Number of protein chains: 2
Amino acid sequence: MHTVPPQHPQWTVAQFAEQSGIPATTLRYWDDEGLLVADRLVNGHRRYTYGHTARLQMIQMCQALGCTADEIRLILDTPDPAARARYAAEKLPEVLEKIEILRVAATVLRHVAECAHPDAASCGAWMREQLPDDARPAHRPPRRS
Amino acid sequence: MHTVPPQHPQWTVAQFAEQSGIPATTLRYWDDEGLLVADRLVNGHRRYTYGHTARLQMIQMCQALGCTADEIRLILDTPDPAARARYAAEKLPEVLEKIEILRVAATVLRHVAECAHPDAASCGAWMREQLPDDARPAHRPPRRS
DNA sequence: GCACACCTTCGAGCCGACTCGAAGTCAAGC
DNA sequence: GCTTGACTTCGAGTCGGCTCGAAGGTGTGC
């Protein structure tokens, strides 16, 4: 599987845009920003190869994680593996919590899709039971005046 | 559990901000935008109650789902339960896919945190195997010129 | 009755991530 | 050699979601 294609094809920005589903304008923007730097022909035209598709996947995944462009560059381009490992270790719990929230959300959506509450707020009671602690208001009484 | 507190306390915007972790400026903005509309005293000052904490949870969950303010208003305020149910049914697959992506991402992060690859792109090979189909470039060869 | 903390509105500014338009370059085909 | 179409850069605009600052109102304590 994944046999190396003959002749290492390369694509123009428009071709790569069509192939990847990312608008050409965005690809150019990412190139300018150093997020996904295209190869260049002598005339300055951009060319994309298989290596770019791999990096593109990483970028899309990082975006799904809610990373900013700066963070994506950090995790993809930091030459020091230890720094990257530290960043990954920091990010992991955030991702796990996000998964937990989304799972609760999926439950809520399934409920709303089937039961059609008279008003959405009435779901609040059981949502409160399921959300992880740090995804909801503290409920400690504020110091009253 | 959740005994109704005596006297139904209400909080000022600053108190509610401290309690919820949302900046007061943002609460005012959400009030203006109709996302989380505060009660008002006769002098115009905002007051928040337990009902607002429930709605706040919904808002935060919707934000975690990547909803825009418009969408949040739609799902929370549409009087027609059927429309809400339709929206929820549409949104559910997106959420499930997002969970899948995040789970792969968590695996990647765990890997990066432990193994510290020489360069991040070298993870690409096995990432390609695990991502759901629509979260990666199509890899169909573009029509060559 | 005055200070002071806290509240109000309103308009402007900021930030990230695009998105668009104008003007110019380049290569292939007729 | 001229058209055509796809490419280039650069600057400006858009959009969502805040965030800030100014100017003024409110209410409690001394």
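Just so we're on the same page: letters track the sequence lines, and every chain starts at 1. Here the structure is a predicted model, which is why all the values come from computation and not from measurement.
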Exercise. With a 4.0 Å cut-off on heavy atoms, is B:R47 in touch with a base, just the backbone sugar-phosphate, or nothing at all?
Worked result: nothing
Exercise. Rounded to whole angstroms, how far apart are CG on A:D32 and P on D:dC10?
Worked result: 8 Å
For this session: Look at the side-chain N and O atoms of A:N43 and state whether any lies under 4.0 Å from the OP1 or OP2 oxygen of C:dA27.
Result: yes
For this session: Ignoring backbone atoms, establish whether B:W30 has a side-chain N or O less than 4.0 Å from OP1 or OP2 of D:dG17.
Result: no
For this session: Examine C:dC7: is either OP1 or OP2 under 4.0 Å from a nitrogen or oxygen in the side chain of B:T12? Give yes or no.
Result: yes
Exercise. Tell me, do B:L109 and A:L65 make a side-chain contact under 4.5 Å, heavy atoms counted?
Worked result: yes
Problem set entry | Proximal nucleotide (of D:dC18, C:dT8, C:dT19) relative to the A:Y29 side chain | C:dT19
Problem set entry | Nearest-nucleotide comparison on DNA chain C, the residue closer to the 5′ end among B:R46 and A:V42 | B:R46
Exercise. Quick one: is B:T26 getting a side-chain N or O under 4.0 Å of the D:dT19 phosphate, OP1 or OP2?
Worked result: yes
Problem set entry | Any B:Q15 side-chain N or O less than 4.0 Å from OP1/OP2 of C:dA5 | no
Problem set entry | Below 4.0 Å: OP1/OP2 of D:dC20 and any side-chain N or O of B:T25 | no
For this session: Take atom CG of A:D70 and atom C1' of C:dA17, then tell me their distance rounded to the nearest Å.
Result: 12 Å
Exercise. To the nearest Å, how far apart are A:I59 CD1 and C:dC18 P?
Worked result: 10 Å
Seminar exercise, completed: Of the listed D:dT8, C:dT19, D:dG17, the closest approach to the A:P23 side chain comes from C:dT19
For this session: Give me the ring orientation class for B:F16 and B:Y48: parallel if the planes are under 30° apart, tilted from 30 to 60°, perpendicular past 60°.
Result: parallel
Problem set entry | Residues A:D31 and A:R28 bridged, charged N to O under 4.0 Å | no
Problem set entry | A:V13, nearest nucleotide to its side chain (from C:dA17, C:dC18, D:dC7) | D:dC7
For this session: Look at the side chain of A:R55 and the backbone N and O of A:V37, then say whether any donor-acceptor pair between them is shorter than 3.5 Å.
Result: no
Problem set entry | Atom-pair distance (CD1 on A:I72; C1' on C:dC18), nearest Å | 13 Å
Exercise. What is the distance from CG of A:L74 to P of C:dG16, rounded to the nearest Å?
Worked result: 15 Å
Exercise. Has A:R40 got a side-chain N or O lying under 4.0 Å from the OP1 or OP2 atom of D:dT9?
Worked result: yes
Exercise. Are OP1 or OP2 of C:dT9 and a side-chain N or O of B:R28 less than 4.0 angstrom apart?
Worked result: no
Seminar exercise, completed: B:H45 atom NE2 is separated from C:dC7 atom C1', nearest whole Å, by 4 Å
Exercise. B:F16 CZ to C:dC7 C1': how many Å, rounded?
Worked result: 17 Å
Exercise. Is A:E71 touching bases, backbone alone, or none of the nucleic acid, heavy atoms closer than 4.0 Å?
Worked result: nothing
For this session: Using atom CD of A:E33 as one end and atom C1' of D:dT9 as the other, report the distance to the nearest whole Å.
Result: 14 Å
